Every structure is written in structure tokens, then in C-alpha cells.
There are 4 protein chains.
Amino acid sequence: MSDKALKKKQLIIEKSRDVFARKGYRAVTMKDLVEACGISRGGLYLYFDCVEAVFKGVIESESKKGDPDIIGMMPSNPRTIDYLKLFFHEQKRDILRGGDSLLSAMYEYSFEKNGKESEEQTLIASQFDKSVSFLTALIKKGNELSDVNCEEPADFAMSVMISLEGMRVLSRCMTLSEQMVNTRISALLAPILPKQQ
Amino acid sequence: MSDKALKKKQLIIEKSRDVFARKGYRAVTMKDLVEACGISRGGLYLYFDCVEAVFKGVIESESKKGDPDIIGMMPSNPRTIDYLKLFFHEQKRDILRGGDSLLSAMYEYSFEKNGKESEEQTLIASQFDKSVSFLTALIKKGNELSDVNCEEPADFAMSVMISLEGMRVLSRCMTLSEQMVNTRISALLAPILPKQQ
Amino acid sequence: MSDKALKKKQLIIEKSRDVFARKGYRAVTMKDLVEACGISRGGLYLYFDCVEAVFKGVIESESKKGDPDIIGMMPSNPRTIDYLKLFFHEQKRDILRGGDSLLSAMYEYSFEKNGKESEEQTLIASQFDKSVSFLTALIKKGNELSDVNCEEPADFAMSVMISLEGMRVLSRCMTLSEQMVNTRISALLAPILPKQQ
Amino acid sequence: MSDKALKKKQLIIEKSRDVFARKGYRAVTMKDLVEACGISRGGLYLYFDCVEAVFKGVIESESKKGDPDIIGMMPSNPRTIDYLKLFFHEQKRDILRGGDSLLSAMYEYSFEKNGKESEEQTLIASQFDKSVSFLTALIKKGNELSDVNCEEPADFAMSVMISLEGMRVLSRCMTLSEQMVNTRISALLAPILPKQQ
DNA sequence: TATGAATGAGTCTTCATTCAT
DNA sequence: AATGAATGAAGACTCATTCAT
């Protein structure tokens, strides 16, 4: 695919992203995408076969965009505890992001895929697993450096991510106050932080 | 509405429930419902205006069915801790229920409704709030009876329900082992249970 | 299927027949059929899944209609030679029928099906084989009754039907004069007819 | 048109020929041709306005190619009977050619054109007439040389070509054995060949 | 009440044709 | 000359909803 075509594809993905964020997955039609992108019906088909293909493109693009945020920033700072804060800060931002997020669409898509007994992991599952792994690794490192103190890192990470996922998904169905999210996150972190200061 | 009509409505609701459990909300068509109910297209319209109306009926019926289980049983038993166990047992069952549950459909529906800025609470929100209130009340009672020891019942209940909701929704996108759910629930309850060993 | 539905199906088939006779097979769209039948798009789909299904219906109906003509008339007359004349008369009518015939459509359809290596015989092939068998049987009977004299009935029938098929298909691409067809048919029959009278 | 352009046109025609032989006429799209030719969409339009134009080009090229075979060879040989054999040999080859032939496409095209009452002769008709004329001339010559003996050359040629056309078109809808075609052709020729035993 | 045939609007998808580069 | 991205019209198909019976 030519360079120009790649740019066009990227443009479609960016414009479509907002449509999925606004309408979820199932409710989105080719017409919605075509209108959001300002191209013709046939034009969209030059780059994507169907709504699902566009959605996959959006997700892939999103994950490329999202990944570097934390991992990229890590080497510059020596204390694990700061990575942890960064990680939770990102999680909080994601939870409170509201209508701008792809989460609803991802859940709709995952619900649908989970129904059909396919081998593949759902989007939600793979993202969840990735986060658990990352957090586990972070805590193990923190243990080594005595930044944190956690006896069962994998277990702890899982329990934390479950809570965060609960807030994330609830925030798409009701209003969660920033205050409440702050309180929750503090409570989650407390057990492994060094007592006092 | 005549008695016969009510029965018919109930029949439609029961048959339709399975369709929503299987296909979610958005994917369900009038045809699906008509076929599942074994009645005519016109017949369905006599009782419900659209798919959404049937779904609302299903949800309402479900909540009537679900509510009494625990609350109805409470008066007969003196120890709060047993209610708690019952409550968590139900939650666990719900989390592990898999494809038979309406959860996916309820989320799809709530996502959709949350998008449009309507005044009404989403299904998920109202169910969540109800559970938090119930659990809060239970713990307060437990405090009084010294069955449990919890300084911030509302706060604690919220935090517990968030975790449970996380597991509930994740279980529709990936496989959660019963073992893991047991461990999680025990960990959630531990802080307020009387120390024993 | 109810009686009424069968009638409707028959109506669609009759109206559609003319469309196929006029436009052939490949050029016919659902829209053409819908307009010819005076029903709605959706209405047609209640009875037929696609253009091909309608066409198959037309062909089936046609063959039911066509079959009795000759065979039904046979018992009433003792002399084979008259059946032969009747058979050839029908063939001639079919050849000269012009634009009212389904032949073009059947060829288009058979060309298409013959391309894909399917097990099934093409329409044209099965009709051809049927005619050859029928004519063979007729001539054998005629031999018995000494109405005609033909040493190789199967061979002869095949050769006759090939000629008739040639005329049939050519008549859809050019004008064949009735006179010419008469001459041809007489020439085909001559070898087996009793000399003179 | 420049020499280079002519070559390009010829290339398109050659590549497209196979597409028409494989898919017939109506089923062929510009995309098919573009892909078969390995040129751009726009490129094809520089030389041909539409699919029909390419098809006409293919047919014209084909007839130029086919014509010389027999006629060109004739002067070098004194005995008519050998030309006849050559002619029938070619016919037989054409009948048995199967999927490589343009016949289906030509019939589809002729059916379509015959439908619209245009003045022009259909492809099939003009090819048929040409063959009849040629065979008639051949037989007349044969009569003169006493190579064959045929009282009504035009009539005879017509009847022979009708049979051949019947076999040709049937062979696109069913399998004709080479044996059968041989037998048929011998039977057709027999009446005018010098008795020999 | 109950039926299910019928409608037509809406979506998906393909394709001939154009046009800026 | 040549490219191939882009267009939009046209066809296939589905579905919520209505209505005569």
C-alpha cells in the first residue's frame, strides 16, 4: 500500500474513532463512517471491507498510540513508586474519560465475539491481561527496590485491575465522581505502600 | 388488562429472556422474539411496541424475581454474617453464570442510554446502587450486632460492589475460574470479618 | 405453505416468466421482477430468496405445463405417425416462438452452471435428454407397428434432436422462416417414413 | 493510432479473450479485464469505452484469426473433398473445444442484441451465414469437379450447419463424446460423398 | 384477540466511469 | 499515455411496523 493510501487509511481511522466512541460498535453503520470521514460510500470500501474492519483498525491504532505512554516514560525515573503513580494516574484518566472513550464499543464487540466460541481472546480480555502483567512486573520491581511491599504481586495486580475495570465500566453507565475514584485508587494502593509519611 | 392478557405478556417475557441472554440487546430483532415466542408478528405488537419494550419487560420481571431471594429470607435468620454469605454466594453465582445471563444485554442497553443525555438512570446504575444500598444496610446491621466490624459501611460496600462488577463484566469477555472468584470474594470480606484463627 | 401463498407464488412465477423471456437470465434483477409482479421488494422475498430461485420456479412451472401436451394427447390416437407429427409440430412451434420463449434464459443459465463443475445436469441437457428419450420410444413403437422404419431409433432420435436444437437456438439469434423450418423438418422425417403415398 | 497503441490494444484483446471464454459475456466486469490485462482502469478506458467495446474487439480479432485457416489453404490443393474434410475437422475441433471457446459469450451477446430490435445481424447469425456460404461454395465447386454429388448445395449446407450449430451449443451445456461427434459428422457428409463401399 | 402477508425505508456492497496527477 | 483513487448510482437484502382478515 502506498504512502498516500496509508495516510488516507489513518484519516479514516481517526474520524471513525469518534463515531465508535459516540455510538458504540453495533449501532455504527457504514453510512455513519462515510459521513464522518467525508468520503463516498465506495471510497470507504477501497480501504475497509466492513464496519468490523474499520473498528479493528481503530483499535489497533489506539493500542499503538496508548502503549508508549507509560512504558516510554519509565526509563527516566529511578523510583518504582513513581511509575505506579503514573500508571494509576492513566487508569484514573481513562476511567473518568466519559463519552470520549472506546470502552463501550470494545465491550459490545467483546460481548459479541465471546458468544461465538472462537479461539481468539476478546479485546477486553487481552487488554486486561496486558495490564495485569504490566502491573505485576512493576510491583515485583518495586519489591526488589523496597519501594513497595507486596507478598503476592500477581494476585494483588489482578485484584487491583478488577476493581479498576469495575470502575471503568460503571463510569460508562453512571457518573463516578473524581473524588470517589481518587479514594478508591488510594485504598487499592495503600496495602503495598510503605507505612506513613 | 385482563388476566389472560397478563399471562400472555408473561409468556412473551419468559421466552424473550433467553433470546436477550443469548444475543445481547442490539442484535435482537422482532423476528427473533416472534420465533422464540411462537406467536405472530402482529400478536407481539399487541403487547409490546418494540424490542425495547420487551426488553424493559424482561428486566422488570427479572428484578421482581431476583429481589425476594435474599430480602425475603432475611427475617428468618438472626446472624448477619449468614446473610452476607448468602449475598456473596448469589453474587458469585451471577458472576459465573456465563451465557445464561442478561448482563451483556443490560450493558449494551445501558451504554446506549448513557450516550443520550437522558435524566433516567441506566439499568446498570440502578442495579448497582441498589446492591450498594443493600450491602451497606447489611453491614450496618452487622456492626450493631458485632457480627462484623466495619468503620465505613457505605464506602466499604461501594468498594466491594465495584470489584464484583469488575468480575461480572470480565466474565462475559473471558473465562474466570471459580477458584479465582472464591479467592477474590474471600479477600473482599476478610477485612470486616471478626479475627479468628 | 398455505393455499393463498401458493397462488401468490404462482402469480409471481407467471409474471416473472415474461421478464425472463424478454431479458434472458443474467440481465434480470429483483427490481425487474418486483415491478413486473406489482408487489413490493420485501414482498417478493417472502416467496423467493433470489432471482435464481424465481427462475427455477418458472422453469419448474413451465415443465409441468409443457409435459402433458404431447403425452396426454397420445392415448387417443392409434397411429404412431400422428404422434410423430404432433411432436414435430410442437417442436416447430417452439422454434418459431421467438421472443416469447425462455430459451435464451435457459441457455444463459445453463452456460453459467456448466462452467462451475457441478454434478447436476444443466437445464438444457436434461430437457434435451428427455426429448431424445421420448422420440426414441416413439420411433420404437412405430417400428413395432410398421408405421415407420428406422434401424437405429436412438441414433436417429439424437440426430434429429440435434438439428432441432440447432434451429431452436439459431432462431433466437436470427430470423428463420417458417418455410425453411418446414422443409428441414420434412427432410429429417423423410428417411423413416414409408416410401410414397 | 500509433503503432505502439495498436500493440497495446492487441494485448488487451488477447488477455481479455480468455476472460470472456471463461466467464461468458454478461458476467465480465471492467475489473476482470483490468486484472487480466495487468493495466490500470484508466488505461483500459484509453483504448476501449466499455466491456462491450472490448468484446467486439475480441470477436473481430478472432474472426481475422480464424478466417485464413481454411480459405488460405485452399488454393494449394486440387481436391475439394480434402477441403471438406479440413472444414469438418475444424468444426469438430470447435465443437469439442469446451471451456476455451467464446461461444457462450457470443450467444449471450447475440441473445441480448436480438432482443433489442436492431437492424444489425447478431454475431451468431453473421458467423452462421458465412459458414453456410462458404460450405455452399465448396460443394458447388465439388460438384463441378465431380468430387461430390449434391443437388441442392445451399439447402444441404444449411442443413449441415444447423446440425453442427446444434452440437456446438449443446457441447456448452453437456458433454458430447468425440465418438458421437464423429458419427454425426460422417452421417452428415455421407449423402454427397461418392458411393464407394 | 390473533394472524401473517405486505410494505418501504434503510443498509450493505459492487461497479462503470471520471479525473487529478 | 498511464495511473488508480474517488464517486455515486444501482442492485441485493433485511427489518420494524402496519393492516386486512
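All values reported here derive from a predicted model rather than from experimental measurement. Within every chain, numbering begins at 1; the chains are lettered A, B, ... in the order of the sequence lines, protein sequences first and strands thereafter.
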Distance in angstrom units between D:Asp3 CG and F:dA1 P, rounded: 11 Å
Counting only side-chain nitrogens and oxygens, does D:Tyr47 get under 4.0 Å of the OP1 or OP2 atom of F:dA2? yes
Between F:dT3 (C1') and A:Leu46 (CG): distance, integer Å: 14 Å
May I have the distance from D:Ile12 (atom CD1) to F:dA1 (atom P), rounded to whole angstrom? 12 Å
The correct set of residues in residues 25-33 of chain A placing a heavy atom under 4.0 Å from DNA chain E is A:Thr29, A:Met30, A:Lys31
For the NZ atom on B:Lys23, are there more than 12 heavy atoms of other groups (residues, nucleotides or ligands in this structure) within a distance under 6.0 Å? yes
May I ask you to verify if any side-chain N or O of C:Ser40 is less than 4.0 angstrom from the OP1 or OP2 atom of E:dT7? yes
Got a sec: does the NZ of B:Lys113 have more than 12 other heavy atoms crowding it under 6.0 Å? yes
Is it the case that over 12 heavy atoms from other parts of the model lie below 6.0 angstrom from the CD atom of C:Glu112? yes
Whole-Å distance separating the CG atom of C:Leu11 from the P atom of E:dA5: 15 Å
Need to verify one output field. Residue with the more 5' nearest nucleotide on DNA chain E, A:Arg41 or C:Leu44? C:Leu44
Do you know which of A:Leu123, A:Val169, A:Leu102 makes side-chain contact (heavy atoms from CB on, under 4.5 Å) with A:Tyr107? A:Val169
For DNA chain F, what are the stems built from at least three Watson-Crick or G-U pairs in a row, each pair having both distances below 3.5 Å? E:2-21 with F:2-21
Looking at A:Lys8, I'd like to know whether one of its side-chain N or O atoms comes within less than 4.0 Å of OP1 or OP2 on F:dA6. yes
Nearest heavy-atom contact between B:Gln10 and B:Ser61 is NE2-OG, 3.6 Å
Look at the aromatic rings of A:Phe55 and A:Tyr25 and report parallel, tilted or perpendicular, splitting at 30° and 60°. tilted
Rounded to whole angstroms, how far apart are CD on D:Glu35 and P on E:dC15? 10 Å
First encountered from the 5' end of DNA chain F, between D:Ile39 and C:Val51: D:Ile39
Between C:Thr122 and D:Arg172, does any side-chain donor sit less than 3.5 Å from a side-chain acceptor? no
Grab the CD-P distance between C:Glu52 and F:dC13 for me, whole Å please. 11 Å
Hey, is CG on D:Asp49 packed in by over 12 heavy atoms from elsewhere, all under 6.0 Å? no
In this structure, how many angstroms lie between the C1' atom of E:dA5 and the NZ atom of C:Lys7, rounded? 16 Å
Whether A:Ser104 side chain and B:Phe111 backbone form a donor-acceptor pair below 3.5 Å: no
Regarding the side chain of C:Tyr45, the nearest nucleotide among E:dT3, F:dT14, F:dA16 is F:dT14
Separation of E:dT11 P from A:Asp49 CG (nearest whole Å): 20 Å
Earlier contact from the 5' end, DNA chain E, for C:Gly42 and B:Lys4: B:Lys4
Salt-bridge criterion met for B:Lys15 and B:Asp32 (N-O under 4.0 Å): no
